[in-house]
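In what follows, every chain begins at residue 1, and chains take the letters A, B, ... in the order their sequences are listed. All values below were derived from every heavy atom in this structure, side-chain atoms included, with hydrogens, water molecules and symmetry-related copies excluded.
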Protein chains: 2
Amino acid sequence: MTKDRPSGQPDKRRAIISGAVTLFARDGYTRASLDAIAAEAGVSNRTIYNHFTDKADLFQAVIQESTQRVADTMVDLIDRHLGKIIDLESDLADLGLAFLSLLTSDLAPHFAIVRQINAETEHIPPTALELWQDTGPGRVKHHLAGRLREIADRGQLVIDDPARAAGHLMLLVSAENLRDRATPHDRAEVTTMVAAGVHAFLHGYEQRDEQDLKKRASHATRTAH
Amino acid sequence: MTKDRPSGQPDKRRAIISGAVTLFARDGYTRASLDAIAAEAGVSNRTIYNHFTDKADLFQAVIQESTQRVADTMVDLIDRHLGKIIDLESDLADLGLAFLSLLTSDLAPHFAIVRQINAETEHIPPTALELWQDTGPGRVKHHLAGRLREIADRGQLVIDDPARAAGHLMLLVSAENLRDRATPHDRAEVTTMVAAGVHAFLHGYEQRDEQDLKKRASHATRTAH
DNA sequence: TAGGCTCTACACCGAGCGATGTAGAACGCA
DNA sequence: TGCGTTCTACATCGCTCGGTGTAGAGCCTA
């Protein structure tokens, strides 16, 4: 709809979406009024309807633009940190820290919108929901999975299902592991959280006692080649 | 407020909260109208204001009741599956499956409300938010952490921070690892997801090759006693 | 039986919101 | 310069919603 014929001045459109991101992130879809969005964007109420057919249409455009930006950034971070592995554990930790720093960057509102999507899931057309999944978190996870597969192919990881492993890694270093998600956390807490998450991702929590290790070592020797 | 003097008939109050849970879960706080809640509860609009001062007051009561029920159920499941460990990996997997089965049980709306809380976080008084954290997910995580600590004390796990480990376990077997959260998943997909999550929780993904294992085994032998 | 609660049905108010209409100003392009 | 598009300001419509008022019916208890 809106994409076919992007009527109106492009800068106005950007301003509208930018303001809409801010207000949708803070107030959610229903609470955010078009008048408030117009004011935030420094634009007339009427102009919004010149660029978008509907409030729902605007929301969808916001989701799309927002998702695109965040996914691009994350894919870039993945390539930057996992393109060349020096020390696997610290490289993964750096990537996790880079992800978390996005939460307090200028992309912060976009993550609030993701929470809105999660809550609004019953009122969003399933096709739009799938499109969001594919161009957003799904794409990031897929890209991360590809990098993990490379690492596994070099023998540094044992990965059965790369997509699943990517999901695990992202969860283990996600903000879900922090007490308070809103406030800017002190770097120490975040660092230890990420370190613990990466450590769990690599080693797990199972006890590997002396006998167990010996048994496994002999087994590994027996089955070598 | 409402707790000090629970005015009105208790069954009416329960009916109201039950209906409110349904509609808040489906439509969110703003969308769910009091008229619709009254209709859903089979109760007059006016009666709601006889039991609760406000829409916000009702929402808070709903959160409290909802959180209590889910947390009780989860704590119970933890005790049932982790009270006596037969085989650690399968016991953990069973617990994960039990958790996931809650998503499609009659407590399903409660989890939708959690998503609403996550989205509405900017419009909920921080004290109420903390109270929710403490009586809900915080309590469950703490309880699970206690069980994990017991297991670690018996030497089956190596856990530095039980609370963190509990969070990791819950994330690794959470519905976040499923493509579509809404539809009832086929049991096979859920089972393999949980198995993979528990496996990652126990063992991690790091390659343990022959030399590495030998080195660790000798080190373990050297440092025995 | 009488008094006090509670529930119900219904009407009502005021506010906010989505969406549209309109007239004129500003701007870009031929 | 002149035409078409876009933006703005303002007014308006219809609807929904939160919250209140009121009068009467049902119910329990003293």
Side-chain angles (χ1 to χ4, degrees), chain A residues 1-63 116 119-120 122-125 128, chain B residues 1-63 116 120 122-125:
Chain A
M1 305 286 154
T2 313
K3 260 299 176 59
D4 299 344
R5 174 97 72 99
S7 58
Q9 298 291 84
D11 57 332
K12 293 290 176 185
R13 186 179 204 272
R14 250 179 293 124
I16 294 171
I17 286 198
S18 171
V21 164
T22 302
L23 289 200
F24 279 142
R26 193 184 60 200
D27 297 341
Y29 177 78
T30 312
R31 263 194 176 85
S33 77
L34 287 180
D35 280 352
I37 292 176
E40 175 77 22
V43 148
S44 169
N45 176 334
R46 209 61 182 73
T47 303
I48 296 183
Y49 287 95
N50 200 334
H51 289 258
F52 307 94
T53 73
D54 234 337
K55 192 185 186 183
D57 185 33
L58 171 61
F59 189 53
Q60 187 155 338
V62 164
I63 291 177
Q116 300 295 340
E120 211 77 20
E122 305 244 26
H123 304 278
I124 300 180
Chain B
M1 302 285 154
T2 313
K3 259 301 178 58
D4 300 344
R5 176 94 73 96
S7 57
Q9 297 292 84
D11 57 333
K12 293 290 174 183
R13 190 189 145 92
R14 248 178 295 123
I16 293 172
I17 287 198
S18 171
V21 164
T22 302
L23 289 200
F24 279 142
R26 194 184 59 198
D27 297 342
Y29 178 79
T30 311
R31 262 192 176 85
S33 78
L34 286 180
D35 281 352
I37 292 175
E40 175 77 22
V43 148
S44 169
N45 175 334
R46 209 65 181 72
T47 303
I48 297 183
Y49 288 96
N50 200 334
H51 288 258
F52 307 94
T53 72
D54 235 336
K55 191 186 186 183
D57 185 34
L58 171 61
F59 189 54
Q60 187 154 337
V62 164
I63 291 177
Q116 300 295 340
E120 212 77 22
E122 305 243 25
H123 305 278
I124 300 179

side-chain contact (heavy atoms from CB on, under 4.5 Å), that's the test. Do Ile17(A) and Arg14(A) meet it? Break it down for me. CA-CA 5 Å; Ile17(A) 286 198; Arg14(A) 250 179 293 124; 5.9 Å; no
Does the side-chain contact (heavy atoms from CB on, under 4.5 Å) test come out yes or no for Phe59(A) and Asp54(A), once each step is laid out? CA-CA 9 Å; Phe59(A) 189 53; Asp54(A) 234 337; over 6 Å; no
Is there a side-chain contact (heavy atoms from CB on, under 4.5 Å) between Leu58(B) and Ile37(B)? Walk through the geometry before answering. CA-CA 11 Å; Leu58(B) 171 61; Ile37(B) 292 175; 4.2 Å; yes
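OP1 or OP2 of dT8(D) sits under 4.0 Å from a side-chain N or O of Thr47(A). At least one side-chain nitrogen or oxygen of His51(B) sits closer than 4.0 Å to the OP1 or OP2 atom of dC7(C).
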List, with names and distances, any nitrogen or oxygen atoms from the protein found under 3.5 Å away from nitrogen or oxygen atoms belonging to nucleotides 23-25 of chain C.
none

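Here OG of Ser33(A) is found 7.5 Å from CG of Leu23(A). Values are rounded to the nearest 0.5 Å.
Counting to the nearest Å, the P atom of dA9(D) and the CG atom of Asn50(A) are 15 Å from each other. Distance Ile37(A) CD1 to dA19(C) C1': 14 Å, rounded to the nearest Å. Here the P atom of nucleotide dA26(C) and the NZ atom of Lys12(A) are 13 Å apart, to the nearest Å. As a whole-Å value, the separation of Ile48(A) CD1 from dT20(C) P is 13 Å. Taking atom CG on Asp11(B) and atom C1' on dT6(C), their separation rounds to 11 Å, with Å as the unit.
In this pair, Phe24(B) and Tyr29(B) present their aromatic rings parallel. The plane angle is below 30°, not in the 30 to 60° band.
In this structure, the side chains of His123(B) and Thr30(B) stay at 4.5 Å or more apart for every pair of heavy atoms. Residues Ile16(A) and Phe52(A) are in side-chain contact: their nearest non-hydrogen atoms beyond the backbone lie under 4.5 Å apart.
Considering all non-hydrogen atoms of both residues, Ala41(B) and Ala15(B) come closest at CB-O, 3.3 Å.
One N or O on the side chain of Thr22(A) and one on the backbone of Ser18(A) form a donor-acceptor pair closer than 3.5 Å. In this structure, Gln116(B) contributes its side chain and Ala119(A) its backbone to a donor-acceptor pair below 3.5 Å. Of the possible polar contacts, none joining the Lys12(A) side chain to the His51(A) backbone as a donor-acceptor pair under 3.5 Å is found.
Within residues 20-28 of chain A, no residue approaches DNA chain D, by heavy-atom distance under 4.0 Å.
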Under 4.0 Å protein heavy-atom contact, by nucleotide of nucleotides 11-25 of chain D - B base, S sugar-phosphate only: ------SSBBBB---
